[in-house]
Amino acid sequence: DTTLTVYTALEADQLKAYQQKFEEENPGIKIKWVRDSTGIITAKLLAEKANPQADVVMGVAASSLLVLEKEGMLQAYAPKGVDKLSKAYVDSANPPAWVGMDVWGATICFNTVEAAKLGLKKPESWHDLTRPEYKGKIVMPNPASSGTGYFDVSAWLKVFGEKDGWTYMDKLHDNIAQYTHSGSKPCKQAAAGEFPVGISFEYRAAKLKEGGAPIDLVFPKEGLGWDVEATAIMKGTRNADAAKKLADWSASRSANELYEKNFAIVAMPGVAKPNAHIPGNYEQLLIKQDLKWSATNRDKILAEWTKRYDAKSEPKK
Amino acid sequence: MIALRARARARIAPERSQYAAAGLLWALAAALVVFLALPLAAILGKALSGDDGHFAGLAQFVAIAGGERFWSAVSNSLAVSVTTTLIVLPLAYVFAAALTRTRMPAKPLFRALALIPLLAPSLLPGIALVYLFGNQGVLKGWFPDGSIYGFSGIVIAEVFFTFPHALMILVTALSVADARLYEAATALGAGRIRRFLTVTLPAARYGLISSALVVFTLVIVDFGAPKVIGGQYNVLAVEAYKQVIGQQNFPKGAVIGVLLLLPAVLGFVIDHLLQKRQRALLTARAQPLVVKPNVWVDGLGVLACTLIGAAMLLILGTAVAAAFIKLWPYNLTPTLAHFDFDNMDGGGWAAFFNSVKLALATALFGTLTVFGGAYLAEKTPVAPVARQLVRMLAILPMAVPGLVLGLGYIFFFNDPANPLHFLYGSMTVLVLCSIAHFYTTANLTATTALKQLDAEFEAVAASLKVPFWTTLWRVTLPVCLPAMLDIARFYFVSAMCTVSAVIFLYTPDTVLASVAVLNMDDAGDTAAAAAMATLIVAVSALVCLVFSLTAWWLGRKTQAWRTR
Amino acid sequence: MNRDWQQTSGTVADALRIERVAKRFGAFTALDGVSLSVKKGEFLCLLGPSGCGKTTLLRIIAGLEAASDGALFMTAGESERNVTRLPASQRDYGIVFQSYALFPNLTVAQNIAYGLKGRREDKALRVTELLALIGLPGAGSKYPAQLSGGQQQRIALARALATSPSLLLLDEPLSALDARVREHLRREIKALQQKLGVTTIMVTHDQEEALTMADRVVVMNHGVVEQIGTPEDIYARPASRFVAGFVGQSNWLAATSAGVGQVLLGDALLGATVTPPRPDGHPLELFIRPEDVQLHANWSPAEAQVANTALAHVRKIELLGGFYRIALSVPGWGSQPLLADVSRGEFERLNLSPERLVPVSLPANRLRAFVPAGAASAGATA
Amino acid sequence: MNRDWQQTSGTVADALRIERVAKRFGAFTALDGVSLSVKKGEFLCLLGPSGCGKTTLLRIIAGLEAASDGALFMTAGESERNVTRLPASQRDYGIVFQSYALFPNLTVAQNIAYGLKGRREDKALRVTELLALIGLPGAGSKYPAQLSGGQQQRIALARALATSPSLLLLDEPLSALDARVREHLRREIKALQQKLGVTTIMVTHDQEEALTMADRVVVMNHGVVEQIGTPEDIYARPASRFVAGFVGQSNWLAATSAGVGQVLLGDALLGATVTPPRPDGHPLELFIRPEDVQLHANWSPAEAQVANTALAHVRKIELLGGFYRIALSVPGWGSQPLLADVSRGEFERLNLSPERLVPVSLPANRLRAFVPAGAASAGATA
Ligand SMILES: Nc1ncnc2c1ncn2[C@@H]1O[C@H](COP(=O)(O)OP(=O)(O)OP(=O)(O)O)[C@@H](O)[C@H]1O
Ligand SMILES: Nc1ncnc2c1ncn2[C@@H]1O[C@H](COP(=O)(O)OP(=O)(O)OP(=O)(O)O)[C@@H](O)[C@H]1O
Ligand SMILES: [Mg+2]
Ligand SMILES: [Mg+2]
């Protein structure tokens, strides 16, 4: 038996199904997950550069994988059937360093019950969130640790422009109650009514609404930040064959059918089905985003963000 | 040459049985060096190296000290620690005074209530506070608008977490009282207040200082509570965690670790010096104080203890309740859904069983190591250098916060050049780390028990030509059995609750319940986190019960000689 | 003789009077109706075995413990007042404990000044005075832990004396000290007490201490007073079998009653100074101190005539520092073991050796007979 | 006399020989070249003040501490062997500590059998035998905590004797017990030792204990042996000023040298039995025991002729249990304070009273002169 050490930022409730299906289709290969938030997984991979522990990275933001690629840590490989996937969601190099699985994008979770109590109006745009009535009512993920947080920030910088982006965030920051470690916590907190507004992503939002949480999903009209969850093989893996098998599988149809259960957009066109809580035109709501730009500027942006907002000592009232 | 020969002559040929003892002592000394001293050296080394891993002197310190962010964390940490200390001390003093200086009823019950926090990880009060005072909290009105997140929340959680630690020290301090001093003061015409100021307070002085130091240190290095309830209120311990785990910036984490080591070491040194002086103050001729009943004093004692005990119960009860409520506050139907850990981030049920495994292994091997070490260090004349080394290293963990130890462990064991690198990521290293982390307290218990044995037992055995292990087996172990059970229980509960050291060391295979609490809370699964914390408390409480019963049963079987 | 107990004349007023004081701890009776009075300026010792209630009595006097029954009266100025219910802080006494009980966190000077009231300078003056009195001038700024046991006890004494109390209570003040220091401090305390003339009650279980220090000794046993008297009385004329046995060394010989002033020991009729009124043949125990047993160098006709004389076997000779203890047995007196203490000078004169026969006499004026413990009320059982 | 130290004749072999044993703890010298030998069957006491190194010497003998220098020889059978570096378990001795050190969780029988090897029945037999020997038959199934201190100490003794060691070591075995028990056990241990004939070394700081129990006493001070001798020697013929002062009561009178066998005390020339060879006028200290000071009832012409006699003022009379201690001062001898102990019988005969003048003599054969501590090497300074 081969055991593959796979680093992932996928949510725990997805992992089981993927693992089961893969191991069923590839007997003799076992997966050992190492799961954490996108930022942490990225940092961990970078830290282990000298002595990599992972064989494969799966379900990690493409913007993060691009950072690894720049460090020369990824083993380029074209999985079987990679040509069937949308070009937009696969590394442009040949063979590609990473191959996309699905897309996840920004969503605001808005607790209607609490909003009614507080007399809050449902926001429709990112700019709505800077209104004074939201002061202390918003939670969003910390971009340093959360992939969701990072694509929010990079999207704002892209959509509003560098200067206005930071100005926007300055204003938003005044309304933020907490920056959370993970991307799904803001939505969970919104669902629990702890804070009425949570900036999160669509998969978690839809799940919670399905579970009966009194939230509405808001897709701000300026456009949604997004990222691709992708798979890559680590350079120097001792289980290259098994790793390739996993890369093949992650690009396969059966895998995409599993992704579809959780995401509105998957790498293989035509697999996705409509979701009751996510509008059909979701893909059009996404902004035009250059993942390479996100990756190259990641350090710089995070440093700036941390300097501006993370040092804040008093929680917002 | 002459000096050498003189020293050679000054030796008595060791007995054969003593070679084994010397070997074991050296093995233990080596283990303590490897699992305690070297990791600490590693963290120092890391703090002095640059991002590229080369020696950089104090560059990292300078870099960190330059940031506004760092200084706000420092002042926040100090504010939280000082405030908590100022709140805990009077509360614990009143409680301890009620337990030791009144004749109030139900003392064992109150005592048990007060010790509840020891059974829970420091994350539990944080979670409970969210449910009590958060925006959807039952008592939201007390802290309007989410103000529980941050300073107030951390302080309340830390008060809960540190209360029993302060209490135990103060109870010890207050239970040694010289009745004659009170009588002398009375005979000289001193009233209640003068007696308190001139007799009670001076006698409890060192206890107060000592507990203040302990509370301060515990708070400043704890990151469980601030992580859960701290919101954006950044403190040093969380900062170290973020640097290492969040950004994998080891040198920066190491620097903060080293800085956190300072208050702990300082407190430890002060405490050590004070205890030496205190020993000089306590005469062996003290007459035990017999407290007389007094309706008013006893009534006040009951009132104070009831209030404090109720607060403890409220916090614990909230966490337990949260674990069983479907969707607070919208759907209050009871459910077991939050115990479905396998479908949540954090590690699932495996985490829970890992914790139990860790706790059992720590209790078993920890007790054996600690007791064996204490025995060899106290009762055998061999290997004086090793003995001294063991004694010195044994008090070291007291001054090393778990966070720092954990950091040291990653730096040391994650280094591929280290021949012990294979231990990294294993359960073994978690067990070793837990044993080392709580070594001092356990060792103190063992040493105290051993010191109560007549120092001449070994001499008598030698004169009767009985090897030392026979005496160990027939006399020392049976007599020290209650102390060993105490150590095992302490190790079990501590390993069950610990977060600070192991957070840096666990892997997906070895994820632990306490870490799962943290991760689940991080992911927003607060109810599941409460459920896991509840499980930890339940298991700890159960094990305490089992240990008490075992002690009682063994006591009846093997301690008959204690009764006259 | 300047023996102080000769001061105890009828004209001196009682400083303290204790009337039928009893103390019960639950079902246990620690004191069973104790009455005694202490004269002004007198040094009184409470002597008795461990657990006999000495400390309890002292604590009742101090007001640290409440009497279950009985009353206490103290004389203040001219008038006597009942202090039975007065709290400790309103009685007028100083107390010194075995454990010193100095406040460890206060300096010697602060300790001594603890009970003083008034202006700072007055206190300082008094402290200096007291330190001089106890022979420790200049120790004021030290802490108790820096002093030896004997010095600490002297500080405790100074503290108790600071307020010039009319009564000084001492609870085994010397028993924690080692022999040499104890002996030394014994003299010092006694001298100080005489100098200040303060009425003093001291608890001790050390008979030598009681005999050398006290004007009068109260021997207690099981919560009851067995005898009150001068050291001389207690030693030479014990009132009960218990006192005789508790104080000093003693020989006990089983004998039987044989009329007033006479007892039958073995086959011989002996004269004795005290004989309880019992019918002839009633079992008695003869009491004599080893140093009162007289040995003679030769069996001269003159000695043969001396009453209470017989020939004894020498069984054993032991050197006990200043004197020899000779173990004897007298066939004519039933061969019961008999100890005699002889000084070293006399020992040489007697020229004793083991198993020799030596004439021994029991001076009738030293010989006292007691009724054996068990047979006190029962008839003759022998 | 059946004095046991008379057994120490030349024919008895040495059981233990100690040669120039020294012990240093860092810079501190606890033992400074101690040599002595112990005869087979002898009872030897190490006597000295606290901290003089008694325990250290005993522990070196036991092999519990290593000598820094010197050698130890033990006789096993016929041959003597050097045991200096032998571990404790290979030497042949039993040891009893002040703290008893009984194993609290083992029964009395298990404690005694602890060092025994062999079949269970043999052990049981031996235990029964030993329990009978120490007078505690039937106590075998009790735990130590259920016994009194004295009983526990006897069990410790039985345990030490169980393996029939050739040497018995006792470190202040009685000092934790109270006076009565101590005295009783003293006799018992001595009797047992004589019965078994086991060579015994006992450490004590109690001179009475040493004098009554030992065949020979080793007086130590500051890690050095001051005198080795029979109790009689030590008490009556102390070899040094330290021994004279440490053992028993003593009078010290400042005098000056005045030729062999003579000293000048005040204005009077007195005969003395020992005088250090010093030039006339050299300061000396005269030593005499209070019980050796003789008082006379009348100043008869016969007494006036007796050497070393003068008239003394009686300053104070104290009853010390069995005897009176009289404080005197003799104008003719420089009025230095002089204590005399007189028995109660003699006291009556003398008819003493304070401030009376009474003739006193210092028998020359009891009077010893020592060079004062400071003046030992310096010349005459007076
Ligand atoms: N508070 C108490 N409760 C119950 N019994 C007590 C208490 N105090 C003293 N006793 C008992 O009363 C008896 C007399 O005690 P006390 O202390 O007066 O004895 P003592 O003569 O001073 O003895 P010692 O010489 O040992 O000090 C003892 O049997 C003791 O156990
Ligand atoms: N292990 C040690 N280290 C340093 N000094 C020691 C040690 N053991 C003993 N000493 C010192 O050696 C001296 C002699 O000690 P020892 O115990 O032999 O005295 P002792 O005559 O038995 O006195 P005591 O009557 O108090 O028991 C003391 O001054 C003691 O402090
Ligand atoms: Mg008492
Ligand atoms: Mg000693």
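- For A:Lys49, no part sits under 4.5 Å from any heavy atom of chain B, backbone or side chain.
- Side-chain atoms of B:Gln232 come within 3.5 Å of backbone N or O of A:Tyr179 as a donor-acceptor pair.
- Among B:Ala73, B:Gly524, B:Ser75, the residue with the largest count of heavy-atom pairs under 4.5 Å with chain A is B:Gly524.
- In summary, the side chains of B:Tyr149 and A:Glu194 do present a donor paired with an acceptor at a separation below 3.5 Å, with no hydrogens or angles considered.
- Contacts between A:Lys44 and chain B at a heavy-atom distance below 4.5 Å involve backbone atoms as well as side-chain atoms.
- Contacts between A:Val139 and chain B at a heavy-atom distance below 4.5 Å are absent for every atom of the residue.
- In this structure, chain B has no heavy atom under 4.5 Å from any part of A:Thr180.
- Salt bridge annotation for A:Lys185-B:Asp525: absent, with no cationic side-chain nitrogen under 4.0 angstrom from a carboxylate oxygen.
- Annotation for A:Arg238: atom CZ does not count as buried by contact number, only 12 or fewer foreign heavy atoms lying within 6.0 Å.
- If you tally non-hydrogen atom pairs under 4.5 Å between each of A:Gly183, A:Ala144, A:Ala192, A:Ser37 and chain B, the highest count goes to A:Ala192.
- Other residues, nucleotides and ligands place more than 12 heavy atoms under 6.0 Å from the CD atom of A:Glu23.
- Other residues, nucleotides and ligands contribute at most 12 non-hydrogen atoms within 6.0 Å of the CG atom of A:Asp299.
- Taking A:Gln53, A:Lys32, A:Gln189 one by one and counting their heavy-atom pairs under 4.5 Å with chain B, the maximum is reached by A:Lys32.
- Here CG of A:Leu118 is found 8.5 Å from CG of B:Asn135. Values are rounded to the nearest 0.5 Å.
- Neither the backbone nor the side chain of B:Asn331 comes within contact range of chain A, judged by heavy atoms closer than 4.5 Å.
- Residue B:Phe341 does not touch chain A at all, counting heavy-atom pairs closer than 4.5 Å.
- Contact annotation for B:Phe70: neither backbone nor side-chain heavy atoms come within less than 4.5 Å of a heavy atom of chain A.
- The part of B:Lys242 that comes within reach of chain A is its side chain, from C-beta onward, which places non-hydrogen atoms under 4.5 angstrom from that chain.
- Atom-to-atom distance recorded for A:Ser182:OG and B:Asn519:CG is 10.0 Å, nearest 0.5 angstrom.
- When each of A:Asn142, A:Val113, A:Leu46 is scored by its heavy-atom pairs under 4.5 Å with chain B, the top score falls to A:Val113.
- Side-chain contact check for A:Glu114 and B:Tyr330: at least one donor-acceptor pair (N or O, by modelled atom type) lies under 3.5 Å.
- The most heavy-atom pairs under 4.5 Å with chain B, out of A:Thr42, A:Leu15, A:Ile40, come from A:Ile40.
- Heavy-atom minimum distance, B:Ala523 versus A:Ser184: O-OG, 3.9 Å.
- Most heavy-atom pairs under 4.5 Å with chain B: of the set A:Pro214, A:Gly212, A:Ala213, this distinction falls to A:Pro214.
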